[in-house]
Structure formats: C-alpha cells, structure tokens
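Inspection log for the structure reproduced underneath, given as structure tokens.
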Amino acid sequence: MSSYFSDLAQQYIDGEWRPGTGSWDVIDFNPYDDEKLASITVATVDEVDQAYRAAARAQQKWAATNPYARRAVFERALRLIEDREQEIADLIIAELGGTRVKAGFELHLAKEFLRESVNLALRPEGRILPSPVDGKENRVYRVPVGVVGVISPFNFPFLLSIKSVAPALALGNAVVLKPHQNTPIAGGTLIAKIFEEAGLPGGLLNVVVTDIAEIGDAFIEHPVPKVISFTGSDKVGRHVATVCAANFKRSVLELGGNSALVVLDDADIDYAVDAAVFSRFVHQGQVCMAANRVLVDASVAGEFTEKFVAKVKSLKVGDPRDPQTVIGPVINSQQANALSGAVEQAIAEGATALVRGTTEGNLVAPSVLTDVPADSALLQQEVFGPVVFLVPFDGEEEALRIVNDTPYGLSGAVHTGDIERGVAFAKQIDTGMFHVNDGTVHDEPIVPFGGEKHSGIGRLNGETTLEAFTTVKWISVQHGRSGFPF
C-alpha cells in the first residue's frame, strides 16, 4: 500500500504523471496517527488550464468512439478494483481514517456505480418528434456536454469521485478531477491510475491536486468545462453555483444535510435504535445524509433513549485498522475542535449530555445531547461528526414541523409499524430523499440522489446522471420545401 502513496503523489495531466509547479505542497496525513503519507506539489492555474485543454482535445475522438468500445474500459476498471480491493481498503483506512466496515461499504458502492457506468455508455437515445410544418422531420440527439469538472469531498472520496467521473466518461465526455486536499490519492490519483491501466486514452481523465489558495476560482471559471459537479458544504456550493451561473455553466451540487430520523409511537424500538445509531455514527458521522437529529415520540422516548444511550456507549473508539473499531478519527484537528465546540455550546445553552465524549487528537468519542433549546442554531445546521441531538415530540404534526425546520433537505427516515403511515409522513417532508423503516444513509446506482433547499441542485444516478452529463441537440430535416413569407 505504501507504494500507492509514493507513486501517486503527482499530478496526472494529458496522460502523464508529473509534479506540480506550485510554490507549496499539499501534505497528506493519516488522521489517526499523523503519519505523513505523501507530499504533493500543488498544480498552478497554468496546469489547470493544461488539464482542461488536454481534456477538450481528447474528448471529440472519445465521443465518436463506439459506446461498446467505451464500455470495455469500465469493465476492465471494475476488474482492477476487485483485484486490488484489500490494498484500496487499506489506503482508505490510512488516508481518511475510515474503519474497515466503512472502507468495505465505500468499495461496494464504488463497484456498483462502475457497473452502472458500464450500462450507461449504451443508454443515450435520440428521438424523432412531429412537426406542424409539412415535410419536416425533427430529430433530437442526446450528446455529451464535452468536458466535466469534478470536485470531490474527503468523506467518501473514492466513491464520490467515481460517482461523477465514471458516468461522465461513459457518456462520451472528458473529465478534470480536483480531489479534496485531505484525500488526494483515494479521491484523485488512485482513480486516474485505475483508468490508465484499464486503457482509457490519455487526456480524457486529468487529476489536479491543488487548492483555492493557489488557483482561486480558475477550476470553475475556465471556459472549457460545461458542467461542474461539486460535492461538499453548502457554503462552498453556493459559491460554486454563483461562479458557474456567471460563466453560463451547469452546476450539479450535492451538498450538506441536517437529516432527522423520526421514531413514531408505533415503531419497533429495538430496530429504530439500531437504525439511528448507524445513521448517526457511520464514518464518525462525517456523512451528508447522517442523522444529526433523532426525533422520538414522547410516549416511547424513555425506552428509546435508554437503549440508544446504552448502544452508543458500547461503540469502540480507536484505531480504524482494528476490525472492532466503529468510531475512528475525524479528518483533521479543525474538525475535532469544531465538534468539541458544538458540544460545549449546546451545554452552555442548557442541553443535557446523556453521553459526553472526550477528544484525543482527532479521535472524537460520541456525544448524545438532549434538551437542546428549540431555538438553538445547532438544530438548524449540519454537525459533521459523532454528535447527536435527541429531540422528543408530541404527535406527528409536531414531528413534521421540527423535521422541516431547517434550511437543509437531503435525507431522513421515519420508523413506524404502519408502512403507509410512514409514506404519508415522508411525503410531507421537504427533502430529496426519505426512507421508511430504515436508516438515513443510502445511495443506489439507479435511484435519483440529491437534495432540496440548501442541500443541493440537481440529481445523480441512473437516468438523472444522463441528464446531468449530456445535453440535447435539435436537428431538423426538411424533406420537402418550406414556404417563406418573403
């Protein structure tokens, strides 16, 4: 695995591995033990330009390639991932502090999305539409947008890079990928290496490891990309959307969430506890769909709270390499400090800590807080880590009001003994995704994924990915002769 970090600590531009020429380095650390994994000299504005120009040069020939031939590249990439699954899992554990369960979860989904990309290459269809003009035929072609810029996050970097990169390529586009600077290998250069070995022609996928401190808005302002696919915070997403709009680009934004898991009075309590603990604490709670808030009907709050607290206390915190570990490190010290600050703020506002986790380095143990004042800003925002707010409610109407009382609308779940009651509840939540009798954290290759309100714009997966990374062109054919007024 160590060779991955040394070999892939470079830029990948126009089919060549080379160092960046910026004046400083991105240092890739293991968040658990602070081991230095790699040092990568950042890409400059000029290198971002070179990457986009290379992508534009390579794209037209790729778009003209038979989609069955394009499909073969993704089949080979899938086999490469399967052959190296253990090495890639170890890399995910080292670079982002994911546990073994989390690494397995991420790799499973990444393979599923690659399988869908194999099929996506054959999905675009044209249409012939009638015309009110005699002799005229209207053809509507679905074509690649050209070049797609992808900006991926640190929490599921391998999966969330592949989720945009693979379908964009499969549909005949070229891609420039900028991974998060905390995960430049798993989210960037490792993916370039896999596609290079799978036979993807040079120039079609470029990876630039850099930062806005070096390049400003050059990645999203550049005239070549027609679509920017961004996954990250709503604050940065707002900026990306603004710059894209000013430059007449389409943006696909998968942003943060403040999801709620709701336990109604007729729920299976033991099952709801299991779902809630997973929904909040998978990957240390660093998941956009995680259940920040757990809402429980007052009639069952006592039983639920007792069992929930007991289960949370049993979660093993520590070395993510240990298969028994459930809670590994958060990504960096800023994140750890922010989480400690959120717990302190809640307690200062009058909240009760049923579990108050300690912080050692980047290891943040779980905290369970209740009695958080209804007007607390903490209930409105995304808390990206192992801190959960238990909120009792009286009846469904109050639960609906509390769930919707947030600027976000990404995911959520409701637990009930009556499935149709759960569906009726879900329909009233202003959110892109909602799950009945399950957790809040789900992603499937053919089901539309995305949020409402501050949680994003657009959808990915299946047919919605087709919409995201292609456009339509109208070509009319006049088989007869049109009449003109002059």
Side-chain angles (χ1 to χ4, degrees), residues 30-33 92-93 96-103 105-106 153-156 182 233 256-261 272-296 304-305 307-347 351-372 376 378-379 381-391 408 410-413 439-441:
N30 180 321
Y32 174 66
D33 58 15
I92 288 170
I93 291 165
L96 54 138
T99 62
R100 292 209 172 272
V101 167
K102 188 267 183 190
F105 184 59
E106 181 166 4
F154 67 79
N155 58 340
F156 280 77
N182 285 130
S233 72
N258 183 20
S259 299
L261 185 143
V273 166
D274 289 346
V277 171
F278 176 82
S279 297
R280 173 67 272 189
F281 297 107
V282 61
H283 193 40
Q284 294 76 268
Q286 298 175 118
V287 183
C288 56
M289 297 168 278
N292 277 14
R293 302 169 294 157
V294 175
L295 278 55
V296 189
F304 179 91
T305 301
K307 291 178 175 178
F308 182 79
V309 166
K311 180 147 186 154
V312 171
K313 285 181 175 178
S314 75
L315 302 178
K316 179 177 173 62
V317 181
D319 187 342
R321 293 167 295 193
D322 181 346
Q324 303 304 312
T325 296
V326 175
I327 307 289
V330 296
I331 193 66
N332 55 39
S333 58
Q334 293 93 326
Q335 196 79 6
N337 293 336
L339 290 163
S340 298
V343 173
E344 290 165 7
Q345 178 186 337
I347 291 170
T352 302
L354 301 175
V355 181
R356 186 170 185 179
T358 57
T359 299
E360 295 180 27
N362 294 333
L363 282 176
V364 180
S367 290
V368 179
L369 302 165
T370 192
D371 303 325
V372 180
S376 172
L378 292 168
L379 294 176
Q381 65 197 48
E382 180 176 44
V383 178
F384 216 59
V387 177
V388 65
F389 305 119
L390 283 184
V391 182
Y408 298 96
L410 186 58
S411 186
T440 62
V441 180

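This chain uses plain numbering: 1 for the first residue, then up along the sequence.
- Once rounded to the nearest 0.5 Å, the distance linking CG of Leu390 with CG of Leu369 reads 8.5 Å.
- Annotation: ring pair (Phe, Tyr, Trp, His ring centres under 6.0 Å) contacts of Phe389 (sequence neighbours excluded): none.
- Contact check for Ile92 versus Glu106: side-chain heavy atoms found under the 4.5 Å cut-off.
- When all heavy atoms are compared, the tightest approach of Val383 to Leu378 is CG2-O, 4.4 Å.
- In terms of modelled atom types and a separation under 3.5 Å, the side chain of Arg280 and the main chain of Arg293 share no donor-acceptor contact.
- Listed by first then second residue, pairs satisfying side chain to side chain donor-acceptor pair (under 3.5 Å) with a partner in residues 315-329 read Asp319-Arg321, not counting sequence neighbours.
- For the pair Leu295 and Ala260, the tightest heavy-atom approach, listed with the atom from each and the gap, is CD1-CB, 4.1 Å.
- For the side-chain contact (heavy atoms from CB on, under 4.5 Å) test with Val277, the passing option among Leu315, Val388, Val326 is Leu315; the others fail.
- Within the 4.5 Å cutoff, no side-chain heavy atoms of Asn362 are placed close to those of Gln335.
- Not one N or O on the side chain of Asn258 forms a donor-acceptor pair closer than 3.5 Å with the backbone of Tyr408.
- The two residues Val387 and Val343 have their closest heavy-atom pair at CG2-CG2, 3.8 Å.
- Checked against salt bridge (charged side-chain N to carboxylate O under 4.0 Å, His left out), Lys311 has the following partners two or more places apart in sequence or in another chain: Asp274.
- Rounding to the nearest 0.5 Å places CG of Asn292 at 9.0 Å from CD of Gln381.
- Closest of all the heavy-atom pairs between Ala413 and Gly439 is CB-O, 3.8 Å.
- By the 4.5 Å heavy-atom criterion applied to side chains, Gln286 and Leu96 are not counted as neighbours.
- How far OG of Ser367 is from CD1 of Ile347: 7.0 Å, rounded to the nearest 0.5 Å.
- Contact detail for Gly98 and Pro320: the closest heavy-atom pair is O-CB, 3.3 Å.
- Counting only residues at least two apart or on different chains, no salt bridge (Lys or Arg N to Asp or Glu O under 4.0 Å) pair has a member in residues 324-334.
- Counting only heavy atoms from C-beta outward, the side chains of Gln284 and Val364 never approach each other to under 4.5 Å.
- Across all their heavy atoms, Leu339 and Pro386 have their closest contact at CD1-CD, 3.9 Å.
- Every ring pair (Phe, Tyr, Trp, His ring centres under 6.0 Å) that Phe308 has, sequence neighbours left out, goes to Phe304.
- Proximity of Asn155 to Phe384: side-chain heavy atoms (C-beta onward) are separated by under 4.5 Å at one or more points.
- Remark: side-chain polar atoms of Thr370 are not paired, donor with acceptor, to backbone N or O of Thr352 under 3.5 angstrom.
- For the atom pair OG (Ser411) and CG (Leu261), the distance works out to 9.5 Å, reported to the nearest 0.5 Å.
- Judged as a side chain to side chain donor-acceptor pair (under 3.5 Å), and not counting sequence neighbours, Thr305 has no contacts.
- In this structure, His283 has its ring center under 6.0 Å from that of Phe156.
- A 4.5 Å side-chain heavy-atom check between Val317 and Pro366 finds at least one atom pair inside the cut-off.
- Within 6.0 Å of atom CD in Glu360, 12 or fewer heavy atoms from other residues, nucleotides or ligands are found, so the atom counts as exposed in its surroundings.
- Side-chain N/O atoms of Ser259 and Thr440 include no donor and acceptor closer than 3.5 Å.
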